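The shown structure was predicted, so the numbers you read here are calculated from the model rather than taken from an experiment.
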Amino acid sequence: MATKEQNRKLNDTKEYLKSLESVAVAFSGGVDSTFLLKTAHDELGEKCIAITAKSCSFPKRELDEAKAFCKSEGIRHIVVESEELDIDGFRQNPKNRCYLCKKELFEKIGDVARQNNIDAIVEGSNLDDNGDYRPGLQAVAELGVKSPLRKCNLSKDDIRALSKDMELSTWDKQSFACLSSRFVYGETISEEKLSMVDKAEQLLLDMGFHQVRVRIHGTIARIEVLPEEFAKLIEEKIREDIVKSFKKYGFTYVAMDLTGYRTGSMNETL
């Protein structure tokens with residue numbers, strides 16, 4: 001069960017959302033945005049809508065889960081096309097790639113919000129996001145997008161605990177970031193390579209690995225899984241199936257990262 005302090009933070013979040021009067025939630029279907037959307041809809045009802053961006057860096061499984069959640073909760077859900085690869089400079093994967101993407105995304109969400117007479121745009125970054133290189137938060141600040149979870153000091157652990165109490169199936173869902181984050185800065189992002197990463201990560205998830213990343217370095221796949229799942233990854237049959245499948249997807253070499261899964265590992269070179 002969530003602690004008294006975690007429930008206090010939840011109440012603070014509810015009060016803050018009510019003060020916004022109407023919100024458009026940038027909804028990815030992940031742990032944080034699902035918690036935010038559920039809380040906002042509980043407080044604001046029809047004055048809360050969900051907006052999801054569809055692109056080649058957003059796996060179909062995530063889009064399908066986002067649609068299914070909104071349908072089950074009776075939340076109005078709008079899907080917008082947001083093709084990052086069409087943004088000037090994005091394909092070259094500069095260090096401010098996330099800024100370019102978020103700026104374009106939130107401008108589109110802002111247009112939809114205004115068309116629907118919605119007062120505020122909210123997004124699901126949490127307190128833990130303050131500790132990593134997050135250029136996307138610059139776009140959030142510039143465009144006046146609200147971050148209720150960060151404002152009310154909710155960490156990822158807080159959100160998981162409260163989500164479990166709220167019986168949200170996402171409470172223990174693996175963390176996810178757009179597939180473009182799997183590329184080394186400066187390496188060209190293409191539809192083909194995004195598809196390679198998507199297929200590779202889906203394979204690992206289908207095999208039962210809980211938290212995965214497949215980082216791409218040219219045609220080398222660097223697999224990150226939780227340290228407690230290292231032994232499973234190198235079991236002979238599983239290892240052989242992974243290598244065979246990854247090569248079919250287009251990878252030349254397949255490597256295991258001995259540090260294991262962690263968010264933002266591509267930022268370690270900055």
Side-chain angles (χ1 to χ4, degrees), residues 12-13 15-37 39-41 43-44 47-58 62-63 66 70 75-154 156 159 176-181 185 189 263-264 267 270:
D12 288 347
T13 305
E15 291 302 314
Y16 177 65
L17 287 166
K18 282 193 288 188
S19 74
L20 298 177
E21 298 186 353
S22 61
V23 299
V25 180
F27 181 52
S28 68
V31 179
D32 301 329
S33 66
T34 298
F35 169 77
L36 176 60
L37 178 59
T39 304
H41 189 255
E43 297 304 312
L44 298 171
K47 292 182 178 180
C48 167
I49 64 173
I51 303 177
T52 301
K54 177 182 178 182
S55 75
C56 62
S57 67
F58 188 59
E62 299 292 325
L63 179 60
C70 289
I75 299 171
R76 187 180 175 205
H77 187 207
I78 299 171
V79 178
V80 298
E81 297 287 339
S82 178
E83 193 45 73
E84 298 99 325
L85 296 183
D86 293 336
I87 301 171
D88 186 36
F90 185 90
R91 284 178 180 267
Q92 287 68 48
N93 196 19
K95 294 176 182 178
N96 69 338
R97 178 202 68 237
C98 191
Y99 169 79
L100 298 175
C101 176
K102 294 295 186 186
K103 186 172 187 294
E104 192 258 1
L105 169 63
F106 285 119
E107 285 176 344
K108 286 191 173 182
I109 291 177
D111 290 341
V112 175
R114 283 187 290 274
Q115 292 164 13
N116 288 272
N117 298 313
I118 298 294
D119 295 318
I121 303 166
V122 298
E123 59 86 39
S125 61
N126 64 63
L127 191 63
D128 297 339
D129 293 320
N130 291 338
D132 192 14
Y133 175 65
R134 302 280 182 176
L137 294 181
Q138 180 184 344
V140 167
E142 288 178 2
L143 297 173
V145 176
K146 310 297 183 184
S147 304
L149 307 183
R150 281 195 294 138
K151 181 176 178 61
C152 297
N153 296 314
L154 283 156
K156 180 72 95 178
I159 293 161
F176 178 76
C178 86
L179 296 176
S180 297
S181 67
Y185 289 114
I189 300 172
T263 59
N267 295 334
L270 296 178

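Looking at heavy atoms from C-beta onward, V140 lies out of side-chain contact with K102 at the 4.5 angstrom threshold. Within the 4.5 Å cutoff, the side chain of L20 has heavy atoms near those of the V122 side chain. Looking at T39 and L36, their side chains never come closer than 4.5 Å, going by heavy atoms from C-beta outward. Under the 4.5 Å side-chain criterion, counting only non-hydrogen atoms from C-beta, T52 is not in contact with S28. In this structure, the side chains of V79 and L63 come closer than 4.5 Å at one or more pairs of heavy atoms. For the pair I51 and F27, the minimum side-chain heavy-atom distance is 4.5 Å or more. Considering only heavy atoms from C-beta on, P94 stays 4.5 Å or farther from Y185 through its side chain.
For the atom pair CG (L17) and NZ (K146), the distance works out to 12.0 Å, reported to the nearest 0.5 Å. Atom OG of S147 sits about 12.0 Å away from atom CG of L154, to the nearest 0.5 Å.
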Determine, step by step, whether K156 and D32 satisfy the side-chain contact (heavy atoms from CB on, under 4.5 Å) criterion, reporting the C-alpha distance in whole Å, the side-chain angles of both residues, the deciding distance to 0.1 Å, and the verdict.
-> CA-CA 8 Å; K156 180 72 95 178; D32 301 329; 3.0 Å; yes
In sequence, state the C-alpha distance, the side-chain angles, and the governing distance for L37 and C70, and then conclude on side-chain contact (heavy atoms from CB on, under 4.5 Å).
-> CA-CA 9 Å; L37 178 59; C70 289; 3.9 Å; yes
Can you check side-chain contact (heavy atoms from CB on, under 4.5 Å) on F35 and L149, steps first, answer last?
-> CA-CA 9 Å; F35 169 77; L149 307 183; 3.7 Å; yes
Can you check side-chain contact (heavy atoms from CB on, under 4.5 Å) on L44 and S22, steps first, answer last?
-> CA-CA 7 Å; L44 298 171; S22 61; 5.7 Å; no
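In this structure, C56 and L85 approach most closely via the heavy-atom pair SG-CD1, 3.6 Å.
Remark: side-chain polar atoms of S82 are not paired, donor with acceptor, to backbone N or O of A53 under 3.5 angstrom. Of the possible donor and acceptor atoms, one in the side chain of N116 sits under 3.5 Å from a partner among the backbone N and O of V112. Remark: side-chain polar atoms of D111 are not paired, donor with acceptor, to backbone N or O of K108 under 3.5 angstrom. Judged by distance alone, the side chain of S180 and the main-chain N or O of S57 form no donor-acceptor pair under 3.5 Å. With S181 contributing its side chain and C178 its backbone, the two residues share a donor-acceptor pair below 3.5 Å. Checked by atom type and distance alone, the side chain of E123 pairs as donor or acceptor with a backbone atom of S125 at under 3.5 Å.
Pairs passing the salt bridge (charged side-chain N to carboxylate O under 4.0 Å, His left out) check and including a residue from residues 78-91, sequence neighbours excluded, read R91-E191.
Listed by chain and number, the residues in a salt bridge (Lys or Arg N to Asp or Glu O under 4.0 Å) with D12 are R8 (sequence neighbours excluded). For E142, the side chain to side chain contact (heavy atoms under 4.5 Å, CB included) partners are Y99, K103, Q138, not counting sequence neighbours.
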